[in-house]
Amino acid sequence: VSSPEIIAHVRGTSRFIDDLPEPEGLLHAAAVTSPVPHARLRAVGVTAALLADGVQDVLTAADIPGNNQIGGIIADEALLAADAVHFIGQPVALVVAETQHQARAAAREVRLDLEELPAIFDAREAATRGEIIGAERTIESGDVDAAWAECDVIVEGSAETAGQEHLYLETQAALALPEEGGRIKVFSSTQAPTAVQRTVAGVLGLPMNLVEVEVTRLGGAFGGKEDQATPWAVMAALAAHVLGRPVKLVLSRHDDMRLTGKRHPYTSEFKLGLTAEGTIVAYEVHLWQNAGAAADLSPAILERSLFHATGSYLVPNARIHAVSCRTNLVPFTAFRGFGAPQAMFVMEAAIDRAAEVTGIPRTEIQARNLLGEGDPFPYGMRVERSQARRSFDEVAELAGLEALRSEIARHNDGSPLVKRGVSAMPVCFGISFTNTTLNQAGALVHVFTDGSVAVSTGAIEMGQGVNAKIIAVAAATLGVEKDRIRVESTTTRTIANTSPTAASSGADLNGRATELACTAISNRLTAVAAEVLDIAPDRLALVDGVVTDGGSPTPLGWSELVRTAYTRRVNLSAHAHYATPRIWYDKESEQGEPFAYHVFGTAILEVTVDCLRGTYTVDRVRIAHDGGRSLNDAVDRGQLEGGLVQGLGWMTMEELVFSDGRNLSDTLSTYKIPDLPSTPEIEGHFLEDADNPKAVMHSKAIGEPPFMYGIGVYFALLDALRAFRPDRDGVYDAPLTPEKALMFLHGDR
Amino acid sequence: VVLVGEPEGDRIRYRAMTSCLMPVAAAAGCHVITVEGLNGRGIGPLQGPFIDEGASQCGYCTPGFMVSFAGHLLNCESWAVEPAFNSLAGNICRCTGYASIRRATATVLETLSRRVELDEPRFAALVREGMLPAALREASELTLELELGRATDGGLDDGPVAGGTDLYVQRPDDFSHVDVALFSPPRAAIRTDGGEIVLCGSATAEDMKRSTVLAEELGDMARPMDLMGSLPIRERATIAGNIVNASPIGDMTIMLMALGAELDLVGDGDRRTVALRRFYHGYKTMDFGAGEHVESIRFRRRPGLMFNFEKVSKRTYLDIASVNSAAALLVEDGIVIEAGLSAGGVAPVPLPLTETEALIVGRTPDAATAWAAAACAAGETTPIDDVRGSAEYKRLLLRQLILAHFQVLFGLDAELLAVPA
């Protein structure tokens with residue numbers, strides 16, 4: 001079984017927030033949002049809305065009892081705009097009514113008196129005008145200026161990637177219940193219950209111990225509910241607190257797409273120097289991150305861009321500049337990969353340009369420069385247990401890369417209108433929150449007297465299978481069967497001060513904490529077993545619910561052992577805390593060891609372009625991925641395939657279109673994610689013997705890395721497009737929609 | 001997605017439909033199956049492979065897949081995987097990348113191919129195999145016995161809804177809480193009538209896809225119709241709805257326009273006929289009075305008529321065209337003697353390409369004609385920049401789609417179409 005959730009999912013019985021039984025007296029809230037990208041807010045006219053059917057109240061900034069602030073990293077974002085609005089969709093007021101329909105209808109009756117101000121949408125323009133968040137950051141290694149002289153070839157260019165809508169299927173949702181003594185309980189579809197708790201407390205002016213946030217599961221998140229679930233949960237809590245009644249706030253699909261942040265668009269300038277043979281000597285890159293109107297998680301995302309700017313390659317001399325630019329767009333936020341995909345696309349573009357100029361095949365330049373054991377990253381850390389070469393070689397063999405390239409060349413020679421293309425995409429991704437503080441987690445394990453086990457951690461189940469992995473860890477550590485173990489919903493009352501479930505680290509951190517807690521219980525139980533059996537404890541172990549002595553089963557089973565331990569007044573519960581050891585980073589010198597380890601892998605992608613129509617198909621993707629020792633094969637395969645397809649979407653059909661600050665692609669009919677017919681055949685191969693002592697049970701984090709295999713499709717498509725138009729230079733402006741493909745093929749003739 | 005089982009004689013035909021886009025009255029007298037209805041005790045052979053393959057991650061989309069798949073199993077004419085994928089394709093999953101869903105689907109189909117004959121009573125066989133619970137079949141049989149009757153016409157001047165598949169997408173807040181009247185389901189949805197083919201206005205896109213009458217006249221309709229919506233949408237979206245929606249890129253409208261279709265309009269006891277290519281006056285305005293509805297659509301049968309439909313969108317399936325185009329050509333002695341050409345997405349209305357039609361007639365359908373037609377078509381359009389593409393792109397794309405018509409219909413040498421003559 002891939003996950004304990006899945007049985008409920010296929011039977012349609014799993015509950016999301018909007019499925020919870022509605023409490024007596026429930027009200028519904030709907031936000032009133034700014035229709036303009038930048039304006040002074042002179043007044044909010046609520047009279048008509050207050051008179052509308054079913055309306056209980058219309059709340060504005062003036063109704064906030066505490067601090068009107070939701071900014072996590074930087075306090076620069078109001079929950080409800082007080083005197084100015086900075087993007088289309090910024091919440092200004094909250095209508096609370098008896099039904100959802102009434103709340104949404106009355107929200108349209110609120111009148112905003114706005115004095116429009118000039119707005120900026122372009123990241124470079126914002127930077128020019130000094131509208132930046134934090135400071136520009138530069139990581140430097142070697143001597144870039146001197147190194148250009150050693151290069152035989154220097155290529156320069158620019159590269160752009162557009163944003164990406166998360167399109168988690170469950171929209172943002174929260175249900176807040178006022179409880180006795182001024183306490184408030186919030187069910188939130190969030191990756192970060194502690195952030196919601198802290199922000200609710202701050203906005204309501206309550207201590208955190210009067211706020212509980214509980215999460216059972218999310219209907220997808222992908223980073224979109226790391227920071228951006230918070231405002232909706234806080235709004236529900238605010239209304240519940242002010243009105244003393246339960247309040248639910250669920251965004252419609254259109255509102256979710258219109259109002260919430262997405263993956264950051266990036267623009268960049270690159271310069272890459274190589275030897276005549278294709279060895280990378282120096283790389284300089286400027287990254288402009290379009291952050292939107294508030295910091296949100298942008299500074300942290302920028303940091304991950306800095307760390308991943310050189311991709312899977314050894315770059316002895318590197319200078320990486322990155323700046324976060326404040327614009328009047330919706331605040332962009334976390335999305336699987338967290339700034340790394342945008343930076344890695346630029347590196348791949350630079351290599352592509354180098355291949356064009358030198359005539360050396362792309363894949364040869366890639367293979368020649370892969371990170372090896374002990375190689376340094378520009379931020380000082382050195383590669384340990386590199387699987388870059390191995391994954392590249394294994395997938396090249398799997399795909400028969402050389403033969404495939406000649407076969408494609410032969411096909412293209414004989415086919416005037418249908419061209420095929422191929423590319424390789426190596427990935428190296430650092431695991432740990434780059435903010436060292438966040439690399440901690442807690443777990444609470446109870447063993448009940450019937451032998452059943454309940455595990456609580458700070459991890460949020462959002463489809464990534466973290467519960468299945470926690471169960472695997474608990475079962476192996478306690479030595480019991482998996483079906484005895486249940487993972488509880490995540491609540492701030494049980495596990496406090498949690499980090500968001502993000503950065504691919506949910507199972508790593510919470511799994512380790514689970515392992516520690518289970519080890520504590522297991523040690524106590526082993527001591528009891530030693531007494532009962534009168535055998536030295538170091539000879540005993542629990543395996544699949546049976547106490548074994550030197551590997552042979554004894555008559556003592558788990559249930560009896562637990563009952564005995566209880567009668568002997570042994571503690572059958574344990575709480576544990578885990579903090580990733582050794583990691584550190586110094587932002588002054590921009591050097592350190594920010595990651596526990598790196599994940600490696602390589603994909604080879606094949607595409608076919610219909611050069612008459614400018615349409616294309618992604619035919620086949622083969623991947624050799626470094627997954628460590630998997631805690632759950634089906635879960636890891638699911639992450640590999642699902643991550644890849646999201647990456648393919650980002651590079652191909654998913655086109656986020658803004659016009660004067662307005663999102664034109666804010667419906668399912670205008671924003672397209674991959675569907676079943678558009679997805680390729682995927683052949684995922686996990687490297688054997690890839691142990692990882694840095695993570696729980698030698699596993700490896702897998703949430704984000706596969707996303708970046710999708711970047712390869714851009715270059716496979718370029719390969720095919722250039723087969724039709726060998727006279728044209730590559731263009732690096734993702735996504736490569738059918739429009740861009742056709743314009744490349746025929747736009748000039 | 002739900003399965004709506006409608007009594008048809010002594011059996012019930014189940015269709016997958018999107019519950020959020022249909023008025024509840026459309027299910028009157030029907031047996032509605034939701035995901036919960038598929039559950040027996042424990043995990044059956046339908047659910048098992050999905051669990052084993054991890055074909056559900058966050059789980060939010062999973063009910064849609066399970067119900068759509070059950071609908072496919074009730075209706076499918078083979079145990080092959082591709083038609084099953086087509087039946088599932090309206091469901092969007094953001095987690096799995098669909099690979100595990102394909103594997104689970106293939107496993108179930110493989111099991112059934114060994115155990116169930118295609119011609120045996122399907123529902124009973126699926127119950128026997130544990131794919132569906134026995135209680136579901138009992139409910140199905142009960143629906144037949146009860147003879148509840150369908151919802152009837154509720155006075156068409158009172159805001160009638162046909163399929164509602166666009167209306168409820170575009171204006172959910174305005175219509176989801178409003179009572180509506182329904183059209184009667186079509187009888188003899190698509191038929192020949194002497195020298196004409198007659199399509200009932202309330203016939204659905206799926207009716208068009210499956211019509212043997214159309215296939216005989218125009219060739220395979222599965223490929224062009226599969227480019228429109230998904231199965232649950234095609235089961236509800238009507239031809240008349242597509243026409244009066246007046247979208248400049250309505251797929252069925254574009255096809256029928258190239259075929260020279262005429263509309264029979266009925267209202268207040270009056271009937272009149274108007275040519276589809278003269279029906280539209282401007283963006284979303286048309287020759288259509290209040291209280292009128294499109295009763296039927298007719299076009300002339302022409303032996304040997306060559307028909308092709310082209311559509312390009314960001315995503316091949318389940319997407320709205322950037323540009324679409326249809327061609328209906330009649331060739332005699334190597335010369336085009338009759339040409340119907342239409343294009344969507346290049347003007348405020350679905351556009352008949354009259355100049356291009358005139359240019360083609362009397363010529364040999366060779367590469368030179370193709371290029372001349374392509375240039376002419378691009379010139380007689382007025383596309384705009386929007387979220388579906390720039391005007392420049394749409395003009396270029398139309399040129400390419402005209403070339404594509406010639407390539408598909410006449411098998412022109414690809415070399416001659418690759419570079420402008």
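Every heavy atom of this structure was used, including side-chain atoms; hydrogens, water molecules and symmetry mates were not.
Between the side chains of B:Asn242 and B:Asp251, not a single donor N or O lies within less than 3.5 Å of an accepting N or O. Side-chain contact, B:His72 with B:Ser87: a donor N or O sits under 3.5 Å from an acceptor N or O. Defined by atom type and a distance below 3.5 Å, a donor-acceptor pair is missing between the side-chain atoms of B:Asn245 and B:Ser247.
Looking only at heavy-atom pairs under 4.5 Å with chain A, the residue among B:Leu38, B:Thr316, B:Asn39 that has the most is B:Asn39. Taking chain A as the reference chain and counting heavy-atom pairs below 4.5 Å, the highest number among B:Cys58, B:Gly48, B:Gly44 is found for B:Cys58. Contact count against chain A (heavy-atom pairs under 4.5 Å) is highest for B:Arg102 among B:Glu392, B:Arg102, B:Gln47. Annotation: maximal heavy-atom pairing with chain B below 4.5 Å, among A:Gln646, A:Arg749, A:His101, A:Arg217, occurs at A:His101. With chain B as the partner, the residue from A:Arg11, A:Arg613, A:Glu641 showing the most heavy-atom pairs under 4.5 Å is A:Arg11. Heavy-atom pairs under 4.5 Å with chain A were tallied for B:Ile101, B:Asp386, B:Val312; the largest tally goes to B:Val312. Ranked by heavy-atom pairs under 4.5 Å with chain B, the list A:Gly684, A:Ser678, A:Ser14, A:Gly219 is led by A:Gly219. Note on A:Leu742, A:Thr737, A:Leu664: by heavy-atom pairs under 4.5 Å with chain B, the leading option is A:Leu742. Listed options A:Met462, A:Arg104, A:His254, A:Glu655 were ranked by heavy-atom pairs under 4.5 angstrom with chain B; first place goes to A:Glu655. Looking only at heavy-atom pairs under 4.5 Å with chain A, the residue among B:Glu36, B:Arg399, B:Arg315, B:Lys314 that has the most is B:Arg315. Top candidate by heavy-atom pairs under 4.5 Å with chain B, chosen from A:Leu640, A:Val645, A:Thr670, A:Val657, is A:Thr670.
Shown here for A:Leu745 and A:Phe724, the closest heavy-atom pair between the two residues is CD2-CD2, 3.5 Å.
Using a 30° and 60° split on the angle between ring planes, A:Tyr168 and A:His166 fall in the parallel class, below 30°. Between A:His9 and A:Phe16, the two ring planes are parallel [angle under 30°; tilted spans 30° to 60°].
Using a 4.5 Å cut-off between heavy atoms, A:Glu5 makes no contact with chain B at all. Residue contact with chain B, scored on non-hydrogen atoms closer than 4.5 Å, involves the backbone and the side chain of A:Ser669 alike. If you measure heavy-atom distances from A:Leu644 to chain B, you find no contacts under 4.5 Å at all. Contact annotation for B:Arg103: only side-chain heavy atoms (C-beta onward) come within less than 4.5 Å of a heavy atom of chain A. Neither the backbone nor the side chain of A:Arg253 comes within contact range of chain B, judged by heavy atoms closer than 4.5 Å. Within the 4.5 angstrom heavy-atom criterion, atoms from both the backbone and the side chain of B:Tyr60 approach chain A. Interface residue B:Thr96: only backbone heavy atoms are found under 4.5 Å from chain A. Of the atoms belonging to A:Glu681, not a single heavy atom falls under 4.5 Å from chain B. Heavy atoms closer than 4.5 Å to chain A are found nowhere in B:Glu82, neither backbone nor side chain. Looking at B:Thr34, there are no atoms closer than 4.5 Å to chain A (heavy atoms on both sides), in backbone or side chain.
You'll find the side chain of B:Arg395 reaches within 4.5 Å of the side chain of B:Thr381, heavy atoms only.
Ring centers of A:Trp650 and A:Phe335: at least 6.0 Å apart, outside the cut-off.
When the shell of 6.0 Å around CZ of A:Arg662 is examined, it contains 12 or fewer heavy atoms from other residues, nucleotides or ligands.
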For this session: Show the numbers, then the answer: is there a side-chain contact (heavy atoms from CB on, under 4.5 Å) between A:Asn663 and A:Arg258?
Result: CA-CA 7 Å; A:Asn663 181 357; A:Arg258 208 162 56 84; 5.9 Å; no
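With hydrogens and angles ignored, the 3.5 Å screen pairs a side-chain donor or acceptor of A:Lys225 with a backbone N or O of A:Gly220. Between the side chain of B:Tyr98 and the backbone N or O of B:Cys93, at least one donor-acceptor pair lies under 3.5 Å.
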